[in-house]
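In what follows, a structure is listed as structure tokens, so that the remarks can point back to it.
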There are 2 protein chains.
Amino acid sequence: MRGETLADIGIKEIAAKANVSIATVSYVLNGTRNVRPKTRERVLRVIEEMNYKPNNAAQSLKRKRTNTIGVIAEDVTVFNVPEIIDGINDCADKLDMHILLTNLRLDKRISRNFDQVDSYRSFAANAVSELLSKQVDGIIYIGIHPRDLTGLFDTYGKPIVYAYCYTQNDVSLQYNDEQASYDAMAHLVKQGHKRIAVITGMMDSIPSRLRFNGFYKAIMEYNLPFDPQLMKMGNWEAESGYRLTMELLELNEPPTAILAMNDVMAVGVLRAAAEVGVLIPRELSVIGFDNREFSEYLIPRISTMDLPLHEIGYQAMESLALLIKGEPIPNNPLPNCKLIERDSVAPPLRL
Amino acid sequence: MRGETLADIGIKEIAAKANVSIATVSYVLNGTRNVRPKTRERVLRVIEEMNYKPNNAAQSLKRKRTNTIGVIAEDVTVFNVPEIIDGINDCADKLDMHILLTNLRLDKRISRNFDQVDSYRSFAANAVSELLSKQVDGIIYIGIHPRDLTGLFDTYGKPIVYAYCYTQNDVSLQYNDEQASYDAMAHLVKQGHKRIAVITGMMDSIPSRLRFNGFYKAIMEYNLPFDPQLMKMGNWEAESGYRLTMELLELNEPPTAILAMNDVMAVGVLRAAAEVGVLIPRELSVIGFDNREFSEYLIPRISTMDLPLHEIGYQAMESLALLIKGEPIPNNPLPNCKLIERDSVAPPLRL
DNA sequence: CCCGATTATCTAAACCTTTAGATTTGCTTC
DNA sequence: GAAGCAAATCTAAAGGTTTAGATAATCGGG
């Protein structure tokens with residue numbers, strides 16, 4: 001910790017010491033005009049010596065660009081958010097952009113609040129407005145529950161990109177939920193399963209609906225028995241996985257495999273199976289969703305669909321950068337989930 | 001999305017429209033001088049109408065204070081980091097501070113790199129220097145592996161606070177590891193356990209050593225049998241929990257309870273017990289550390305010590321704010337971990 | 001060695017605030 | 001209604017950069 005403050009040294013000091021004008025130093029720094037190699041060297045040396053770093057506040061003021069984006073997370077402690085931030089950050093680093101993070105702490109704050117819907121909107125709008133006054137060049141909004149947020153925020157012309165939200169008109173990054181669910185089914189079918197049950201999330205949830213589409217498509221395409229008894233509506237919680245598995249196992253003709261729409265409900269499946277004495281995967285196969293870290297600590301370790309969260313974040317940042325530059329964003333295909341094969345899937349006992 | 005850009009409206013426009021000087025608007029905004037209620041009203045109304053937000057870049061330039069701190073995380077995807085950030089954010093909100101987040105992605109980047117130690121240092125030093133040029137008022141550094149970082153960074157007079165790191169001279173926030181481990185032991189002793197084994201983390205890890213101290217202290221104070229065979233050195237991974245539990249169960253006089261220094265190794269304990277046919281908690285009690293989210297999805301749900309991560313973050317921000325103001329930071333006691341009682345601890349079979 | 005054409009460098013304004021210090025306004029008191 | 005004083009408001013500089021436009025230096029050719 002030296003005595004001199006970083007801020008004490010300005011471009012003025014550098015100019016003086018290098019015997020050039022302030023402008024020249026600026027040109028060296030930004031490469032905006034030619035400067036003779038000899039002088040460039042000299043300036044650079046002085047900059048190095050004095051450990052000069054341009055004052056970002058002044059730069060932003062003049063440039064009307066901060067190279068900083070705002071990231072609004074509805075809740076950073078929710079499992080998929082840090083990965084998305086990691087992706088954003090990864091890309092931001094490469095683009096020399098910085099991240100101003102706002103954590104809405106939605107879950108925590110809303111539980112203390114009566115009119116939930118409104119307060120959530122005002123929290124978010126507040127965050128947007130604060131970030132704009134911080135002169136961010138754009139905003140990425142990371143929702144924890146995909147839903148439609150179209151036109152929610154007045155960003156006064158600054159671009160906004162949604163990660164893991166579903167909006168109609170704005171730029172919004174998701175992964176291919178339908179395909180993922182279809183792939184999971186394909187995996188089960190390849191093992192020989194025919195009677196495959198599904199435990200969905202809440203049906204007002206968009207991913208839940210999309211995943212169901214994939215399930216349904218697989219049923220049709222693979223010509224599997226279509227049996228409404230095998231379609232159970234869960235609510236994302238372990239308890240619902242447990243309860244619905246119990247129901248499934250009591251069926252006259254129980255399924256040989258269950259597709260749980262998240263790993264947490266898959267835990268419920270495991271519990272129910274253990275309780276009834278059904279062996280997994282020998283007597284019942286299970287496949288989850290999300291590749292939560294605990295999924296490989298369970299006994300048995302469950303197979304699951306890994307979400308391309310890093311990629312979502314990365315692409316969100318990429319798209320935002322394009323929007324900031326005013327360039328059109330290419331129509332990328334949705335990133336796909338990846339099957340993680342572990343120990344909860346095996347061929348059915350009786351073919 | 002209106003046509004006018006936020007940045008188009010400056011204090012000048014407000015002043016003109018409200019028929020006052022620029023200075024007066026500034027006084028209204030900051031309350032730095034008296035302004036007649038009538039004019040204040042008028043100015044505020046115009047501000048409201050035109051949706052004016054002060055240009056933060058200009059403010060920072062003049063004030064030489066950005067109300068922004070830098071947060072450097074070694075890796076945001078590591079389990080304890082988001083909670084810490086949440087705590088920082090919670091406090092920052094109250095202090096009207098903003099967070100510039102830098103994610104070093106240490107784990108990911110270092111694996112691709114040869115000279116690990118050096119590159120880690122240069123990544124971190126780089127981040128510090130970038131943040132300083134962004135004019136942050138201070139920095140919080142969140143390490144993922146506690147270790148000594150004293151004097152690592154040249155912050156040119158800006159204060160820096162370490163969260164979840166161990167430094168000697170600088171301000172550094174941890175929780176009371178020793179007490180936590182002691183409390184866990186006390187819990188087991190209260191259930192009647194005497195032969196308690198410990199599976200440690202890597203012994204070059206500071207928390208591991210501190211937790212061992214707590215274990216040892218409990219052994220002494222409760223007058224428990226001191227048996228080196230019951231002290232196993234693990235490496236934080238599930239496999240080591242598994243292997244060492246196997247060793248423990250083969251002892252002539254096996255332990256009735258195991259203290260695992262993290263939940264991941266506790267998973268290993270569960271696996272080993274399941275394999276050998278030892279029932280948990282009837283025949284063997286297990287207590288973990290970290291309260292990882294999976295700890296309540298395991299069968300049985302394991303009891304564990306919850307870490308005060310939110311508080312660590314909150315206090316880190318509090319301390320940093322004091323340092324920024326040049327005030328002394330009070331000597332708070334270390335925050336404590338909290339026992340989460342679940343289903344993996346019961347009284348031993350034979351008293 | 002000078003001229004013209006390039007190329008390099010400099011001067012000064014602008015970006016949008018904050019804030020001393022100067023000036024004006026509004027009130028009280030005689 | 002004027003003097004005196006406090007309160008309100010204004011003027012203008014400053015903060016560190018970028019960037020047109022102006023000026024100075026360099027170079028090649030005759």
Side-chain angles (χ1 to χ4, degrees), chain A residues 4-44 46-47 50-68 96 132-137 156, chain B residues 4-44 46-47 50-68 130 132-137 156:
Chain A
E4 50 186 342
T5 313
L6 191 61
D8 287 342
I9 308 159
I11 199 172
K12 210 188 323 171
E13 279 73 28
I14 303 297
K17 196 141 184 176
N19 249 310
V20 291
S21 78
I22 289 179
T24 305
V25 179
S26 178
Y27 296 139
V28 168
L29 241 33
N30 304 307
T32 15
R33 277 197 195 178
N34 281 338
V35 17
R36 204 147 32 119
K38 215 172 78 182
T39 24
R40 155 176 294 119
E41 290 293 309
R42 182 153 36 96
V43 170
L44 285 176
V46 176
I47 287 175
M50 309 191 64
N51 203 299
Y52 163 75
K53 288 268 158 32
N55 179 322
N56 189 265
Q59 288 186 318
S60 305
L61 177 60
K62 197 80 231 303
R63 294 180 177 162
K64 293 163 175 274
R65 204 168 29 82
T66 52
N67 274 8
T68 299
D96 219 350
L132 290 176
S133 117
K134 278 264 170 191
Q135 311 300 114
V136 294
D137 298 336
Y156 297 94
Chain B
E4 51 186 342
T5 313
L6 190 60
D8 287 344
I9 307 159
I11 200 172
K12 208 188 323 170
E13 280 72 28
I14 303 297
K17 195 141 187 176
N19 248 312
V20 291
S21 77
I22 289 180
T24 305
V25 179
S26 178
Y27 296 139
V28 168
L29 241 33
N30 304 307
T32 15
R33 277 197 196 177
N34 282 337
V35 17
R36 206 146 31 120
K38 216 173 75 183
T39 23
R40 153 176 296 117
E41 289 294 310
R42 183 154 34 97
V43 170
L44 286 176
V46 176
I47 287 175
M50 310 191 66
N51 203 302
Y52 163 74
K53 289 267 155 40
N55 179 320
N56 189 264
Q59 289 186 318
S60 304
L61 178 59
K62 196 82 231 302
R63 293 180 177 164
K64 293 166 174 267
R65 204 168 28 84
T66 53
N67 274 6
T68 299
E130 282 221 26
L132 289 176
S133 117
K134 278 263 171 192
Q135 311 301 113
V136 295
D137 298 336
Y156 297 94

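Below, read A as the first sequence line, B as the second, and so on, with proteins coming before strands; counting in each chain starts at 1. Note that the structure is predicted; figures quoted are calculated from it, not measured.
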Residues in side chain to side chain donor-acceptor pair (under 3.5 Å) with B:R65, at least two apart?
B:N67
Write out a two-atom table: protein N or O, nucleotide N or O from nucleotides 24-27 of chain D, distance below 3.5 Å.
none

Listed by chain and number, what are the side chain to side chain donor-acceptor pair (under 3.5 Å) partners of B:S21, not counting sequence neighbours?
B:T24
Would you mind listing every side chain to side chain donor-acceptor pair (under 3.5 Å) that reaches into residues 11-20 of chain B, with sequence neighbours excluded?
none
Quick one: is A:K64 getting a side-chain N or O under 4.0 Å of the C:dC16 phosphate, OP1 or OP2?
yes
Taking only residues two or more places apart in sequence or in another chain, which ones pass side-chain contact (heavy atoms from CB on, under 4.5 Å) with A:T66?
A:S60, A:T68, A:Q135, A:D137
Can you name the closest pair of heavy atoms from B:Y52 and B:I14 and give their distance?
CB-CD1, 3.5 Å
Here the gap from A:I9 atom CD1 to A:N55 atom CG, rounded to the nearest 0.5 Å, amounts to 12.0 Å
To check you understand the geometry: which heavy-atom pair defines the closest contact between A:V25 and A:A15, and what is its length?
CG2-CA, 3.7 Å
Between C1' on C:dC15 and CG on B:N56, what's the gap in Å once rounded to a whole number?
14 Å
Output one line per pair: protein atom, nucleotide atom from nucleotides 17-21 of chain C, and distance, for all N/O pairs under 3.5 Å.
residue, atom, partner, partner atom, Å
C:dT17, OP1, B:Y52, OH, 2.9
C:dT17, OP1, B:N55, N, 3.2
C:dT17, OP2, B:I11, N, 2.7
C:dT17, O5', B:Y52, OH, 3.3
C:dT18, OP1, B:N30, ND2, 3.2
C:dT18, OP1, B:Q59, NE2, 3.0
C:dT18, OP1, B:R63, NH2, 3.0
C:dT18, OP2, B:S26, OG, 2.8
C:dT18, OP2, B:N30, ND2, 3.3
C:dT18, O2, B:K62, NZ, 3.1
C:dA20, N7, B:R33, NH2, 3.1
C:dA20, N6, B:Y27, OH, 2.9
C:dG21, N7, B:R33, NH2, 3.2
C:dG21, O6, B:R33, NH1, 2.3
C:dG21, O6, B:R33, NH2, 2.9

Length of the CZ-P vector between B:R40 and D:dT9, whole Å
9 Å
Suppose we screen for side chain to side chain donor-acceptor pair (under 3.5 Å). Which residues come up paired with B:N30, at least two apart in sequence or across chains?
B:S26, B:R63
Just verifying a value: how many Å separate A:K134 NZ and B:Q59 CD, rounded to the nearest 0.5 Å?
8.5 Å
Specify the angle, to 10°, made by the local axes at the two ends of the helix from C:dC1-D:dG30 to C:dC30-D:dG1 when five pairs are taken at each end.
40°
Within the structure provided, determine whether B:L29 and B:I47 are in side-chain contact (heavy-atom separation under 4.5 Å).
yes
Scan B:S60 against the nucleic acid and name what it touches under 4.0 Å (heavy atoms): base, sugar-phosphate only, or nothing.
nothing
Quick one: closest heavy-atom pair of A:S133 and B:N56, and the distance?
O-CB, 3.0 Å
Please list residues of residues 13-21 of chain A whose heavy atoms come under 4.0 Å from any atom in DNA chain D, ordered by number; otherwise none.
none
Applying side chain to side chain donor-acceptor pair (under 3.5 Å), can you list everything that pairs with B:E130, at least two apart in sequence or on another chain?
A:H98
Which residue pairs satisfy the side chain to side chain donor-acceptor pair (under 3.5 Å) criterion with at least one member in residues 34-43 of chain B, sequence neighbours excluded?
none
Does B:N34 have a side-chain nitrogen or oxygen under 4.0 Å from the phosphate oxygens OP1 or OP2 of D:dA8?
yes
